[in-house]
Asker: 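First the structure, then my questions, so here it is.
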Amino acid sequence: MNTLPPVVHVAVQRPFYSTLDYSYDPTQGSIPLGSRLEIKLAGRTTVGVVMGSSPTPTLADPKKLKAITRLMDNEPILDAHLVELLDWAAKYYHEPIGEVVFTALPSLLRQQRPLNLPIWWQLTATESPTELQRAKRQLALYEWLKAQGGYVSEDAVAAWAGNGWRVTMRHLEAKGLVASTTLPPAPLEHIATAPHLTLTPQQLATIEGIQHAITQAELKPTLLHGITGSGKTEVYLRVMAPILAQGKQVLVLVPEISLTPQLLGRFRTHYPHERMVCLHSGLTDQERLQAWLQAQQQQVRIIIGTRSAVFTPCPNLGLIIIDEEHDLSFKQQEGFRYHGRDLAIKRAHMLNIPIILGSATPALETLHNADSGRFHYFHLAQRPGTAKPPSVQLQNIRGQTLRSGLSSTTLSMIKDTLARQEQVMLFINRRGFAPLLMCSSCGWSGQCEHCSANMTYHARQGKLICHHCSVEKLVPEHCPQCGHHHLVTQGQGTERLELVLSQTFPTIPIIRIDRDSTARKGALAERLQQVHEHPTAILVGTQMLAKGHDFPNLTLVVVLEADAALLSSEYHARERFGQLLVQVAGRAGRSDKAGQVIIQTNHPENPALVTLLAQGYTLFARQLLEERRRWHYPPFGYQALLRANAPELNDALDVLDKMAEHLQLFGLGGVILLGPTTAMLEKRAGRYRTQLLLQSANRKALHTLLNYLTHTIKQLKFPANTRWSIDVDPLDLT
DNA sequence: AGCACGCCGACT
DNA sequence: GTCGGCGTGCTC
């Protein structure tokens, strides 16, 4: 007779694409989905998470079956919905299930420490039945519980009732008078008492429209396309109100840490009595765990966080908001390469709750979804108050002599702006002093030993730094190749601009904001403070400056080195440049003063650029979409990028050659293979990088192929020391 | 990913 | 004769 025990399907922190089966003793009770287990794996004790169960083992050889060691916590750590989402994500991104589940957990929960959530007792009936009259002890405990307001912690019960309390509680539980629970949800506070901004008719109409859209039976994601300064945050805040009033949770995803405190401030002001948490990379492990638990226990209803916050357990989730949905930081670029926005959309769909994507510059994919009617679309095209959109002009620098990257027209406009006692911002997406140091005599240049790239000259530190692998070395005093003393720099960086401007405008404060000048904790806040203290000033910065910050006295923005992005062969480059340009331009003239934007370029006739300036972002984006349609690029086709790297180029190529051959043997089913080729940055940190692009009009065909690959890859023999990865929906093809 | 097992070079 | 190199293969 077959007496095989029931099993749970367990995700473990190992590179396995499937769960492992472990048996358990059903007489000890069932094991809920999402529970954390202690298990033995290959002779070692480790942590697993229950992803499913079945009455009999599903593994081929039942002799291998082991029993779980124990349940680690008194509560499952993930609810059924998150288990389903993570399961889906593992399949969609072709990532080992354990990798997915464990990146979704706070790091303290990946370890073998039990969580031991406090148990609370909840009164479930308020009328004490007469039968309790006879059971004095039960009655006393029951009345005491009632006096405490209906929720009491296990510890409090033990302290009050003394020995034997557990038996008494079990009696009360059996009579249906109490139930054990985790922490009670935070009480409903009173909502939105802060003084409200007056809304524009357009904002009001948008809020009303969104509120109507998100209460429809058939929910679609909503794109809120609002130009910079149009008050998207205010719309989020108002749309949230009815959701919060129902006691539901709102999950807000934001691009990166630098903007989180700012947004949190707005939320605090608007909802001063609502408890909220922030989940970002700046938290300690303990803080992160606490925030995670508070969301899980419904102690907070507003959860603001970066990419990984999409996995925060919210048992009563009512709305998801993705701010700056186009932002690249939502896509994880290593390991489990998920897209926070796309997973949020999936999560909202699974829960049948509304989701709002906000951006001044929606991603092409998102815009296409709105154009095709798959998403609702709302447009906030005006800035409230007197703020007007800035005037943007292209400045042809072809054949002009530049002074440290600045044309004479630019310089005179800077002078004029400063004379009006206003601020100027110079935007250049390159930190350091100069991107290249070379010998004027023999042509030697400072190459990184580990990467196929130049090292950037950082004057202040007196170093050459590789921006790809962070290797540093002291600037040589003379040419390492010919001994010549005349080493010259080429090109512009933020540091050099800062220096040149301080020489040209010795009385004007120059405030540089880039990764180097803001590395120290609190340095960014200091710099921003300086900007607000000096109404006449020059700001020099990288894309850090492009997002979110409000500089009311800033009226001139100069964009330098625009051409690299325009000429790039990477088809995402122009989309990103357009987004960046619109975001940068949005910094100019945010109050009542008119803003101007100058773009220095050698290619003022560039069609994408011309469309962007003459007809705006939406038409620019639609034009790029048409191009993508012609090439069957996303969103008109589906892509996955296989990457490999190795200390030897041939080994890295060999990996992808073997994969390509393997896939061809299986049958491509209409999927096109492009490559293998070397990556644009051929060598990085001592490893050669190669890639193979898979493209198909049919998502299913692509996924079938990837699924075959991951499940048969062990048959392939790769050279030693090679690594490979799969990137589904890649956003970075370099 | 770990880790054990296993088959070839320089050492007590 | 052994210690240890990292190639190969397995983990419910």
Asker: Check residues 671-686 of chain A and write down every donor-acceptor pair under 3.5 Å in which the side-chain atom is one partner and the other belongs to a residue at least two apart or another chain.
Answerer:
{"unit_1": "K683(A)", "atom_1": "NZ", "unit_2": "E449(A)", "atom_2": "O", "d": "3.2"}
{"unit_1": "R684(A)", "atom_1": "NE", "unit_2": "H468(A)", "atom_2": "O", "d": "3.4"}
{"unit_1": "R684(A)", "atom_1": "NH2", "unit_2": "H468(A)", "atom_2": "O", "d": "3.4"}

Asker: Nearest-Å distance, CD (E95(A)) to P (dA1(B))?
Answerer: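 Going from CD in E95(A) over to P in dA1(B) covers 11 Å.
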Asker: Whole Å only: how far is the NZ atom of K63(A) from the P atom of dT11(C)?
Answerer: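 Taking atom P of dT11(C) as the reference, NZ of K63(A) is at 12 Å.
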Asker: Within this structure, what is the CG-to-P distance between L41(A) and dA4(B), rounded to whole angstrom?
Answerer: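 Between P of dA4(B) and CG of L41(A): 13 Å.
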Asker: In whole angstrom, what separates Y22(A)'s OH from dC12(C)'s C1'?
Answerer: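 Nearest whole value for this atom pair: 5 Å.
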Asker: May I ask you to evaluate whether K40(A) reaches the phosphate of dC12(C), defined as a side-chain N or O under 4.0 Å from OP1 or OP2?
Answerer: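 Checking dC12(C) against K40(A), no side-chain N or O comes under 4.0 Å of OP1 or OP2.
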Asker: Could you check whether H94(A) and Y17(A) have their ring centres less than 6.0 Å apart?
Answerer: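 Between Y17(A) and H94(A), the centre distance exceeds or equals 6.0 Å.
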Asker: I need the single residue from R341(A), R699(A), R337(A) that forms a salt bridge (charged side-chain N to carboxylate O under 4.0 Å, His left out) with D729(A). Which is it?
Answerer: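 Answer to the salt bridge (charged side-chain N to carboxylate O under 4.0 Å, His left out) test with D729(A) among R341(A), R699(A), R337(A): R699(A).
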Asker: Under 3.5 Å, is there a donor-acceptor pair between the side chain of R110(A) and the main chain of F102(A)?
Answerer: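 Checked: pair present.
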Asker: Find the distance L20(A):CG to dC10(C):P and express it as a whole number of Å.
Answerer: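 Nearest whole value for this atom pair: 15 Å.
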Asker: If you take any heavy atom closer than 4.0 Å to DNA chain C, which residues from residues 713-725 of chain A end up in contact?
Answerer: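 Hits under 4.0 Å, by residue number: K714(A).
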Asker: Please report, rounded to the nearest Å, how far the C1' atom of dC10(C) is from the CG atom of L65(A).
Answerer: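 Computing the L65(A):CG to dC10(C):C1' distance gives 17 Å.
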Asker: Under the salt bridge (charged side-chain N to carboxylate O under 4.0 Å, His left out) criterion, do D342(A) and K346(A) qualify, and how do the steps go?
Answerer: CA-CA 6 Å; D342(A) 295 348; K346(A) 185 68 189 174; over 6 Å; no
Asker: Rounded to the nearest angstrom, tell me the gap between atom CZ in F16(A) and atom P in dG2(B).
Answerer: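 In whole Å, dG2(B) P and F16(A) CZ are 10 Å from each other.
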Asker: Under the rule for salt bridge (Lys or Arg N to Asp or Glu O under 4.0 Å), what residues qualify as partners of K40(A), not counting sequence neighbours?
Answerer: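 None.
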Asker: I68(A) has an atom CD1; how far is it from atom C1' of dC12(C), in whole Å?
Answerer: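 Going from CD1 in I68(A) over to C1' in dC12(C) covers 13 Å.
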